[in-house]
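Scroll down for the structure; my scribbles are underneath it.
Values below: every heavy atom of this structure, side chains too, minus hydrogens, waters and symmetry copies. In what follows, every chain begins at residue 1, and chains take the letters A, B, ... in the order their sequences are listed.
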Amino acid sequence: MLLERLKSKIYQNLQEAAIRAREEGKLTFEELPPFTLEKPREKEHGDLAANIAMVLARPAKNAPRNIAQAILEYFPTGKNRVVRYEIAGPGFINLFLDQSWVDAVLPEVEEMDRRYGCTLAENRQKIQVEFVSANPTGLLHMGNARGAALGDTLANVLAAVGHEVTKEFYINDTGKQIENFGLSLEARYLQLLGEDVSFPENGYPGEDLIDSMRRLISTVGDKYLQVAPQLRREILVKYALKEKLEQMKEDLTDFGVNYDVWFSEQSLHDSGDIQAVLWELQQNGYLYEKDEAIWFRSSLVGDEKDEVLVRSNSVPTYFAADIAYHKNKFQRGFDRVINIWGADHHGHVARMKGALEALGYDPDRLHVVIMQLVRLFRGGEPVRMSKRSGEYVTLRELMEEVGTDAARYFFINRSADSHLDFDLDLAREQSSDNPVYYVQYAHARICSILRQAGELPSAQEIDCSLLREPAELALLEKIAELPGEIIYAAESLEPQRLSHYAYELANLFHGFYTNCHVLNAESGLRQGRLVLVNACRITLRNTLKLIGVSAPERM
RNA sequence: GUCCCAGUAGCUCAGCUGGAUAGAGCAACGGACUUCUAAUCCGUAGGUCGGGGGUUCGAAUCCCUCCUGGGACGCCA
């Protein structure tokens, strides 16, 4: 927050200086292009570096270093902690801050405590994040698990910058897969009762369906043997679906994911929303009939080819329901809608955006985060999985094997569009090789120090100027970066920034720990370091909280 | 065939809204525990950023093309 404020003020000062320079005839340009003001990689390049002169080179038709010179004539030193500047390299303006700027970090962290890292975005929005939305015909698998970790973290991050976020699970409780679900359940039910029936070809072969029917039989026995198949399947589906949803909800809760809304696809059929949206598309001229089916002219709005919305048997497709669902989202007042989809759905993106356009919505209000597949490795070998044969590792099994913390950390530690090789052995390992433990260990170490210290002074009581060791300054600066990191993660929808940040912070803490002793330091210094270490604890804890990873006090 | 994603150190990956000398972890090698948790720290070594063109003051980053791996192209969801 503090660092962000400082940066934005200095950014403004640079803008104003450039404009003054133009007014004074030192520079000519039409419009000031956006430029960057960042912490440079090299310490010698100052605390902040701006490339304003370089991006102005072309519009101002001048050499970057000359432009920098002109801008700096009107740039106020001594304000906003800037004590010195230089023109360097091809035309960077390097700014050096009064080291005491870090003294404002500790009081701020201490005061904000659990809110530290949170900011208020300029345009606060109502945002819906829809994720997992797994078929309720089976158990949650690795793809769902990755989606759960990503979606939940993303929702946390967006909320942390002030958006109003709704987390939603879309239940595919109708359609062809439910039909197959019913056929599979029926076959299992009959088989368990000794009937000689074959299993449907497109059925769901998982053990979980057998278990489900076994439980049903234990309460109702064979009473559905005599019921007409159609009705029987409906009954079995109703029973098993309820079980499945409860199971998913429980698994997700244990994974730290709690939804605000569970939205039923069937409800869109029941409410007439699908008919309404079809009618609207019809009015807008996007529908036509061919081969007794109703098609969406998605090729008009950017898709490669047209899509069927209503089958020749007059049943709407999944896509038709999804269009109605998305219209419903916007009708509920969301400014922005974010979907986390597996890579196997990417072909759906252009269609969905096209449909929104056809309905008169700005398709850019829909963001689809496409997530690549997960491969599990055990003992260096990929774990064979096949959804078709029902052999796959479930979220529940993953949690039991590696724990929630490791799972969530690993899932968000890679960018969504990277294939994820999940090393089960590493995730289970309780050593520094495992980044989760590395970060958590830093937190536990801090808690240990604080326990032994007894009384914790407040940031107001200490002399911050005593904290000038390189390890201390590095830690302070990193702590100051959290709000900016969260803002960046929220803007780019890239939660992996957070686990990287947590790792870097833990790394700096461990370095500090070996270099700077806290408890046996001289009294003033000891007080200062206690406050520093406590701020580090708050920062680590808050970051882990966003990821959904626990911050243990002892390990 | 068309489209999407990936290709960066031996391995797993950051970095990609163009910026200064391309980073981290693991693995390898060498060090550091009379001191707050060694689940830690420090050092060494390791690179044609898949290949080739282009855009420009500047390209791992943007554009084109080719190669390799994965995925998607259904009146499934």
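Evaluation of atom-type donor-acceptor distances gives a pair under 3.5 Å for the side chain of A:N51 against the base of B:G19. Scanning atom types as modelled, no donor and acceptor separated by under 3.5 angstrom connect the side chain of A:T317 and the base of B:C75. Judged by distance alone, with hydrogens and angles left aside, A:H419 brings no side-chain donor or acceptor close enough to the base of B:G71 to form a pair under 3.5 Å.
Within 4.0 Å (heavy atoms only), A:A49 reaches at least one base atom of the nucleic acid.
When each of A:L373 and A:Q452 is assigned the nucleotide of RNA chain B bearing its nearest heavy atom, the one mapping closer to the 5' terminus is A:Q452.
By the 30° and 60° cut-offs, the orientation of the rings of A:H348 relative to A:W341 is tilted. Ring-plane geometry between A:F181 and A:Y204 is classed as perpendicular, the angle between the planes exceeding 60 degrees on a 0 to 90 degree scale with a lower cut at 30.
Distance A:E179 CD to B:C75 C1': 13 Å, rounded to the nearest Å. Distance CD (A:E307) to P (B:A77): 11 Å, rounded to an integer number of Å.
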For this session: Decide side-chain contact (heavy atoms from CB on, under 4.5 Å) for A:E292 and A:R311; before the verdict, give the C-alpha distance in whole Å, the side-chain angles of both, and the deciding distance to 0.1 Å.
Result: CA-CA 8 Å; A:E292 295 177 2; A:R311 303 185 184 95; over 6 Å; no

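A:H510 and A:N507 form no side-chain donor-acceptor contact under 3.5 Å, judged by distance and modelled atom types alone.
Residue A:R497 places no side-chain N or O under 4.0 Å from the OP1 or OP2 atom of B:A14.
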